[in-house]
Number of protein chains: 2
Amino acid sequence: MAKGHMAIGALARIAGCKVETVRYYELAKLMHPPERSPAGQRRYTEIDAKRLSFIRRARNLGFSIEEVRGLLAMVDDQEHSCDSVRATALSHLQNVQQRLADLRTMESVLGDMISECTGGTVPDCPILDALFSDHPEDNRAPSI
Amino acid sequence: MAKGHMAIGALARIAGCKVETVRYYELAKLMHPPERSPAGQRRYTEIDAKRLSFIRRARNLGFSIEEVRGLLAMVDDQEHSCDSVRATALSHLQNVQQRLADLRTMESVLGDMISECTGGTVPDCPILDALFSDHPEDNRAPSI
DNA sequence: ATAATACCTATAGTAACTATAGGTATTATC
DNA sequence: GATAATACCTATAGTTACTATAGGTATTAT
Ligand SMILES: [Zn+2]
Ligand SMILES: [Zn+2]
Ligand SMILES: [Zn+2]
Ligand SMILES: [Zn+2]
């Protein structure tokens, strides 16, 4: 392998993802189609490795593929305005905070239900009772 | 409509979900196939309404379809042991708590990144820099 | 030279719905 | 009783972000 060029497996290892994921990101237009070896295998550079790691970090922070596409467009456009980057990140943060709120509610409701249930072989389980009982406000869907 | 019997739209309204979701739950074997009108439309009873509401409450607490299937099996088996209900709920609670931990991490990292960025038109955005910068521990995937 | 490993494409599967198309039933209005 | 609006039906495809499989080729190691 010429130095500075690596196959897909090495690239994936660097970024901490699977080979299939890399091919998927190419299909999804997050990664540019790389050069190919004479026999048709993908060959990547250090720049590709940085890009893939960027994508993985953003994904691990919960940015959607669409959001990552947006961030990468700003990276690629070079004259990206800080403003739009910040806006994407802020809107995503709010997203995360909403999910946090929903999960905190779930946690407390689950905790309450579980603490009511002794775990014996009681005919009426307080957990099932809670799920059957009719508090209409429990029918809200959590915002995703 | 004979009293005590309703069409799918009314049922969905009671449980706070879409008609398609009800049909999906039937396909997924969470809801029993209901009786049909002479012309083939689904007709539901109050019991169906309670079951669907149970499903929706469990789903809103983040139980997976598979978990809900398990809970319903215990409901249907009548001699359900409290123990298994409790075990399902507890394991799900741990699940929720793991997601909470991941989201709290995301929240704090995002918050830090955003506070570095002034939002002007600076050539190097600290948010993008953070996503490009090479802290290998950032490559961990969050457990789902 | 041979075997093990890594790579290739194309396609289907995952979770939990949601949306669409094309058609029939029921209900309300005149 | 006719017509129109709404609700319902089935079957199929789309969504997200991958993951898995099948069947085949390339590269590397021995
Ligand atoms: Zn987001
Ligand atoms: Zn119990
Ligand atoms: Zn769970
Ligand atoms: Zn910035």
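These values consider heavy atoms only, across backbone and side chains, with no hydrogens, waters or symmetry-generated copies. Proteins get letters first, then strands, A, B, ... in listed order; numbering begins at 1 in each.
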Rounded interatomic separation in angstrom, taking CD from B:Glu20 and P from D:dA11: 16 Å

Earlier contact from the 5' end, DNA chain D, for B:Gly40 and A:Ala39: B:Gly40

Nucleotide opposite D:dT30 in a Watson-Crick or G-U pair, distances under 3.5 Å: C:dA1

Pairwise side-chain contact, A:Glu107 with A:Leu103, heavy-atom cut-off 4.5 Å (strictly under): no

Residue B:Ile8, side-chain atoms from C-beta onward, closest of D:dC9, C:dT18, C:dC17: D:dC9

Interatomic distance, A:Lys18 NZ vs D:dC18 P [rounded to whole Å]: 11 Å

Trace of the side chain to side chain donor-acceptor pair (under 3.5 Å) decision for B:Asp48 with B:Thr45: CA-CA 5 Å; B:Asp48 296 316; B:Thr45 67; 3.3 Å; yes

Sugar-phosphate, base or nothing in reach of A:Tyr25, heavy atoms under 4.0 Å: sugar-phosphate

d(CZ, A:Phe63; P, D:dT16) in whole Å: 18 Å

A:Glu66 and A:Arg69 ion-paired at < 4.0 Å: yes

Test item: A:Leu52 and A:Ile14 side chains (from C-beta on) under 4.5 Å apart, heavy atoms: no

B:Arg36 side-chain proximity, nearest of D:dC9, C:dA16, D:dA17: D:dC9

Sugar-phosphate only, base, or nothing, as touched by A:Ala28 at under 4.0 Å among non-hydrogen atoms: nothing

Residue closer to the 5' end of DNA chain C, B:Ser64 versus B:Gln41 (nearest nucleotide): B:Ser64

Who pairs with C:dA28 - Watson-Crick or G-U, where each distance is under 3.5 Å: D:dT3

Distance in angstrom units between A:Tyr44 OH and C:dC8 C1', rounded: 12 Å

Distance in angstrom units between A:Arg23 CZ and C:dA10 P, rounded: 12 Å

Atom-pair distance (CZ on A:Arg43; C1' on C:dA6), nearest Å: 10 Å

Under 4.0 angstrom between B:Ser37 side-chain N/O and D:dC8 OP1 or OP2: no

Any B:Arg59 side-chain N or O less than 4.0 Å from OP1/OP2 of C:dA15: no

Separation of atom CD1 in A:Ile65 from atom P in D:dT15, rounded to whole Å: 14 Å

Toward the 5' end of DNA chain D, by each residue's nearest nucleotide, A:Thr21 or A:Pro38: A:Thr21

Partner nucleotide, any strand, of C:dC7 [Watson-Crick/G-U, under 3.5 Å]: D:dG24

Nearest-angstrom distance from the residue atom OH of A:Tyr24 to P of C:dC7: 21 Å

Selection from C:dC17, D:dA17, C:dC7 that lies nearest to any side-chain heavy atom of A:Ala7: C:dC7

4.5 Å side-chain heavy-atom contact, B:Arg56 and B:Phe54: no

side-chain N/O A:Arg42 vs C:dT9 OP1/OP2, d < 4.0 Å: yes

The single option from B:Met31, B:Arg51, B:His32 passing side-chain contact (heavy atoms from CB on, under 4.5 Å) against B:Tyr25: B:Met31

